[in-house]
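Below is one structure; the comments refer to it alone.
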Amino acid sequence: MFLRIIETLYGLVSLIIFGVVVFIIVCPLVILGPTLPIRRFIGRIGVRIALLCIGIPMRIKGLENVPDGVCVAVSNHASYIDGVVLTSALPARFTFVVQDGAASWPYVGLVIRRMGVTFVNRSSPRQGANQTRDLIRRVQQGQSLAIFAEGTFVAEPGLMPFKKGAFMIAAKGGALVLPVCIRGTRRFFGSGSILPRWSPIEIEMCPAIPVNQDAAQLSDAARAAISPICGEPDLALVAQAGEIA
């Protein structure tokens with residue numbers, strides 16, 4: 001009971017502090033930033049400061065694995081906080097690909113638009129195909145992207161099947177694939193969470209995957225890199241086992 005009270009108090013205090021730092025200080029600075037590089041710098045540093053203010057340690061491993069040239073970073077997705085955490089970990093040249101519904105969110109939508117994210121519509125096959133072709137062209141022109149390979153996240157712990165879009169973009173755009181593993185965010189603020197819980201956060205950049213593979217091979221290779229180190233079951237393998245049984 002005592003530990004539950006402490007956890008609840010921490011959650012209330014950390015939610016207030018994190019909200020004040022991010023939404024009242026960092027977000028207005030992002031909105032007012034005169035250039036995209038400045039806005040992304042503010043966003044990256046602001047997230048780290050906000051986590052520091054609530055005592056959340058964030059460790060980034062494998063930065064030496066981030067290619068100097070164009071690449072597509074693909075990551076697992078476990079919580080509401082993954083986007084801002086990954087933003088603070090990756091170099092500012094990465095453009096995040098986000099579902100288009102986020103663009104209309106009050107206040108937050110404006111902030112992420114100012115951060116230069118690219119929106120995609122997964123509900124419309126035709127529009128989605130056009131947007132995928134546009135992303136392929138942008139990669140071919142030298143732009144690096146960051147995409148959550150599962151597309152979304154759920155309350156149940158586990159690595160869901162990967163969507164094919166990110167790997168198709170990398171294969172046809174001729175870009176390296178950078179597998180990225182996020183750990184600790186599901187406990188910190190996962191699906192269904194009302195209050196944050198204390199949890200160290202780790203972001204690990206795995207060695208980049210060469211481009212001389214098709215989309216399915218790239219997806220398999222990225223999954224083989226992320227699954228063993230994410231600390232959660234591989235739900236695709238669980239589903240396959242169920243089908244066989």
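The chain is numbered in sequence order, starting from 1.
Residue L176 is found in a hydrophobic cluster whose other members, listed by chain and number, are V211; membership requires side-chain heavy atoms under 4.5 Å apart, directly or through intermediates.
The shortest side-chain heavy-atom distance between I169 and I136 falls under the 4.5 Å cut-off. In this structure, the side chains of F96 and L90 come closer than 4.5 Å at one or more pairs of heavy atoms. Taking the side chain as every heavy atom from C-beta outward, I209 and F167 never approach each other to under 4.5 Å. Using a 4.5 Å heavy-atom threshold, the side chains of I5 and T8 count as separate. Side-chain contact between M160 and L235 is present, with at least one heavy-atom pair separated by less than 4.5 Å. Side-chain contact check for L86 versus F94: every heavy-atom pair is 4.5 Å or farther apart. Looking at V85 and F189, their side chains never come closer than 4.5 Å, going by heavy atoms from C-beta outward.
Atoms CE and CG, from M115 and L110 in turn, are 12.0 Å apart once rounded to the nearest 0.5 Å. To the nearest 0.5 angstrom, I31 atom CD1 is 11.0 Å from I42 atom CD1. Atom CD of Q217 and atom CG of N212 lie 8.5 Å apart (nearest 0.5 Å). The line from CD1 of I56 to CZ of F188 is 5.0 Å long, rounded to the nearest 0.5 Å. Taken from CD1 in I147 to OG1 in T118, the straight-line distance is 9.5 Å, to the nearest 0.5 Å. Within the model, atoms CD1 of I182 and OG of S79 stand 7.5 Å from one another, a figure rounded to the nearest 0.5 Å.
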Going by atom type alone, with no hydrogens or angles, which donor-acceptor pairs under 3.5 Å involve a side-chain atom of residues 11-30 and a protein atom two or more places apart or on another chain?
unit_1: S14; atom_1: OG; unit_2: Y10; atom_2: O; d: 2.7
unit_1: S14; atom_1: OG; unit_2: G11; atom_2: O; d: 3.1

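Within the structure, salt bridge (charged side-chain N to carboxylate O under 4.0 Å, His left out) pairs that include any residue of residues 69-91 do not occur (at least two apart or interchain). The side-chain hydrogen bond (donor to acceptor under 3.5 Å, both in side chains) contacts involving residues 96-107 comprise nothing, where partners must be two or more places apart or lie in separate chains. Among residues at least two apart or in separate chains, salt bridge (charged side-chain N to carboxylate O under 4.0 Å, His left out) pairs with a member in residues 5-25 are E7-R187. For residues 145-174, there are no side-chain hydrogen bond (donor to acceptor under 3.5 Å, both in side chains) pairs, not counting sequence neighbours. Residue pairs satisfying the ring-ring contact (aromatic ring centres under 6.0 Å, His included) criterion with at least one member in residues 130-156, sequence neighbours excluded, are listed as follows: H77-F148, H77-F153, Y80-F153. For residues 54-64, no residue pair satisfies the side-chain hydrogen bond (donor to acceptor under 3.5 Å, both in side chains) rule, not counting sequence neighbours. The list of side-chain hydrogen bond (donor to acceptor under 3.5 Å, both in side chains) pairs with a residue in residues 192-206, not counting sequence neighbours, reads R183-E202, R183-E204. Within the structure, no pair that satisfies the salt bridge (charged side-chain N to carboxylate O under 4.0 Å, His left out) test touches residues 22-50, not counting sequence neighbours.
Residues M168 and L145 do not share a hydrophobic cluster, defined by chaining ILVMFWY side chains whose heavy atoms lie under 4.5 Å apart. Residues V97 and V180 fall into different hydrophobic clusters, defined by Ile, Leu, Val, Met, Phe, Trp and Tyr side chains chained together at heavy-atom separations under 4.5 Å. Using a 4.5 Å cut-off between side-chain heavy atoms of Ile, Leu, Val, Met, Phe, Trp and Tyr, with links allowed through other members, V72 and L218 fall into the same hydrophobic cluster. Linking Ile, Leu, Val, Met, Phe, Trp and Tyr residues whenever their side-chain heavy atoms come within less than 4.5 Å leaves I81 and I226 in two separate clusters. I54 and L195 fall into different hydrophobic clusters, where Ile, Leu, Val, Met, Phe, Trp and Tyr residues are linked whenever their side-chain heavy atoms come under 4.5 Å apart, directly or through other members.
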Requested in this report: Would you check, one step at a time, whether the test side chain to side chain contact (heavy atoms under 4.5 Å, CB included) holds for F162 with V74?
Outcome: CA-CA 10 Å; F162 287 171; V74 295; 5.7 Å; no
Requested in this report: Please step through side chain to side chain contact (heavy atoms under 4.5 Å, CB included) for the pair L52 and M58, ending with a clear verdict.
Outcome: CA-CA 8 Å; L52 183 64; M58 187 174 74; over 6 Å; no
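Here V70 pairs with V139, S144, A175 under the side-chain contact (heavy atoms from CB on, under 4.5 Å) rule; sequence neighbours left out. Among residues two or more places apart in sequence or in another chain, the salt bridge (charged side-chain N to carboxylate O under 4.0 Å, His left out) test is passed with D214 by none.
Remark: side-chain polar atoms of R114 are not paired, donor with acceptor, to backbone N or O of L32 under 3.5 angstrom. Proximity of a side-chain donor or acceptor of T87 to a complementary backbone N or O of G83 within less than 3.5 Å is detected.
Nearest heavy-atom pair across T185 and A78 is OG1-CB, 4.0 Å. C230 and C181 make their closest contact through CA-SG, 3.4 Å (heavy atoms, listed as atom of the first residue, atom of the second, distance). Closest heavy-atom contact between P207 and P179: O-CD, 3.5 Å. Heavy atoms only, all atoms of each residue included: N121 and Q127 are closest at ND2-OE1, 2.9 Å. Shown here for V66 and P91, the closest heavy-atom pair between the two residues is CG1-CG, 4.1 Å. Counting all heavy atoms, side chain and backbone alike, L178 lies closest to C206 at CD1-O, 3.2 Å.
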